Amino acid sequence: MYFSDFGFDDDLMDGIDAMGYEKATPVQEQVIPHIISGKDIIAAAQTGTGKTAAFLLPVLHRLLSESHDHHSVNAMIIVPTRELATQIAQTLEGIAYYTTISFISVYGGTGGALFATERKALEAGVDIVICTPGRMIAHLNMGYVKLGGLRYLVLDEADRMLDMGFYDDIVKIISYMPPQRQNLMFSATMPPAIRKLANSILVSPVEISIAISKPPEQIMQGAFIVYEPQKGPLVKHILQQKEFGSVIVFCSSKLSVKKLYEELRRAKFAVGSIHSDLEQEQREQVLLDFKSHKLKILVATDILSRGIDIEDIDLVINYDVPHDGEDYVHRIGRTARAASKGTAYTFVTEKELFKFHKIEKLLGREVEKLPVPEQFGAAPSPAAKPAAQNGGKKRKFKKRRPGGKGPGPSPAPNK
DNA sequence: AAAAAAG
């Protein structure tokens, strides 16, 4: 199906053409007609599937083809991270270029001048607002936000937002909205908490499921089973191979990001880092530098694992094993965008083997174990299971009581 | 079990 088949507004079509969009993705094909017909939607869809345009285009089309209140916010898109808000605003800027639609992104970490600009827009009315929850609540608390004409609510990365503890914030923001509105909810996964949220805000929604929780086939996945001290030298070794262009190295904590960033910086790599301890201005600058290839390597927390679409990343390194399979899929999905090829390496220490096996289970296949180059010394055996191999080290798990009954675990004593 | 988000 082509975008010209949806009957979009002419000015909107000009923007679509200018962006080079031609064929609709499966998500777009399924979601757009329902949104145009006014239905509430709950969609299981991952990033990189064209999800953003799937909700932006029909909402824009409806705003353009129906009369709406110019002295109110008309559509609100709530997202989990500031970077995602910025990215959606950029996409919107492109496709709405030839239209009269006004929009603003509203998120924290920015100074007084920007806050005042946000306030003006929210007070005077703006067609589309893209926001993170905290900053929106700050504005709502001041009482000047005009939501009387709000007719569209989009919750993007809903599962992520709940993970981050935004449930109450979302409910609070919605409590300011008129009940007559169209609700669109997008989530990579559909755990019970998402169902609950959906039940409480969606009205007889159409359910759409496209996402299979699997990474694209064209990503070459590999894992290095290593000892912790081997990680630093190994990552430098890989980064020195000149065949890679842009690389993202994911760590599972801010501390780990900071340490690795310092180590790579001292080794004279063109490296940047991004995590929530940085000033918003730095976060944005680093991302710009990375996108413009001034920085070839970006060390990041999971702040970048979801939703962020950066072109030409050909290698993702998981310096730490991600906390769950979903995070893994999202992280490595940063590479091989738009059907290009990509490589994803994961460093797995003995401690993380169990976690990694769980991820492989979710993937439904084993990730190839790559040999650690000899110069880094002996590595743990890939077959090692934390419980099976403890080469002389202290046993970490509890000994079964001698009189213990049956094969089941004995009750753990309260320590 | 960690990240992110309001100052």
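Since we're looking at a predicted model, the values are computed, not measured. Only this structure's heavy atoms are used, side chains among them; waters, hydrogens and symmetry mates stay out. By convention in this document, chain letters (A, B, ...) are assigned in the order of the sequence lines, proteins followed by strands, and residues within each chain are numbered from 1.
Note on A:Ser252: every side-chain N or O is 4.0 Å or more away from OP1 and OP2 of B:dA3. Not one side-chain nitrogen or oxygen of A:Arg306 sits closer than 4.0 Å to the OP1 or OP2 atom of B:dA2. Between A:Arg135 and the phosphate of B:dG7, there is a side-chain N or O to OP1/OP2 separation shorter than 4.0 Å. For A:Thr301, a side-chain nitrogen or oxygen approaches OP1 or OP2 of B:dA4 to under 4.0 Å. OP1 or OP2 of B:dA6 has at least one side-chain nitrogen or oxygen of A:Arg82 nearer than 4.0 Å.
How far CD1 of A:Ile130 is from CD1 of A:Ile88: 6.5 Å, rounded to the nearest 0.5 Å. Remark: A:Glu83 CD to A:Glu284 CD distance equals 7.0 Å, nearest 0.5 Å.
As a whole-Å value, the separation of A:Asp169 CG from B:dG7 P is 13 Å. Taking atom CG of A:Asp168 as the reference point, atom P of B:dA6 lies 16 Å away to the nearest angstrom. Atom-to-atom, CZ of A:Phe356 to P of B:dA1 comes out at 18 Å; the value is rounded to the nearest Å. Atom pair A:Ile359:CD1 and B:dA1:C1' shows a separation of 12 Å (rounding to whole Å applied). Atom CD1 of A:Ile274 is separated from atom P of B:dA2 by 21 Å (rounded to the nearest Å). Atom-to-atom, CZ of A:Phe166 to P of B:dA3 comes out at 15 Å; the value is rounded to the nearest Å. In this structure, A:Gln280 places its CD atom 9 Å from P of B:dA6, rounding to the nearest Å. One interatomic measurement links the two molecules: CZ of A:Arg160 to P of B:dA5, which rounds to 10 Å at whole-angstrom precision.
Of the residues A:Val59, A:Leu56, A:Leu153, A:Leu84, the one that meets the side-chain contact (heavy atoms from CB on, under 4.5 Å) test with A:Ile77 is A:Leu56.
Counting any heavy atom pair closer than 4.0 Å across all strands shown, A:Asp163 reaches a base atom. Residue contacts for A:Lys254: at a heavy-atom cut-off of 4.0 Å it reaches the sugar-phosphate backbone alone, with no base atom in range. In this structure, A:Gly109 reaches the sugar-phosphate backbone alone: every heavy-atom distance under 4.0 Å involves primed, P, OP1 or OP2 atoms, never a base.
Closest to the side chain of A:His323, out of B:dA5, B:dA2, B:dA4, is B:dA2. Of the candidates B:dA2, B:dA4, B:dA6, B:dA6 carries the atom nearest the A:Asn141 side chain, counting heavy atoms from C-beta on.
For A:Phe55 and A:Phe186, the gap between ring centers is short of 6.0 Å. Taking the six-membered ring for Trp, A:Tyr328 and A:His323 have ring centres at least 6.0 Å apart.
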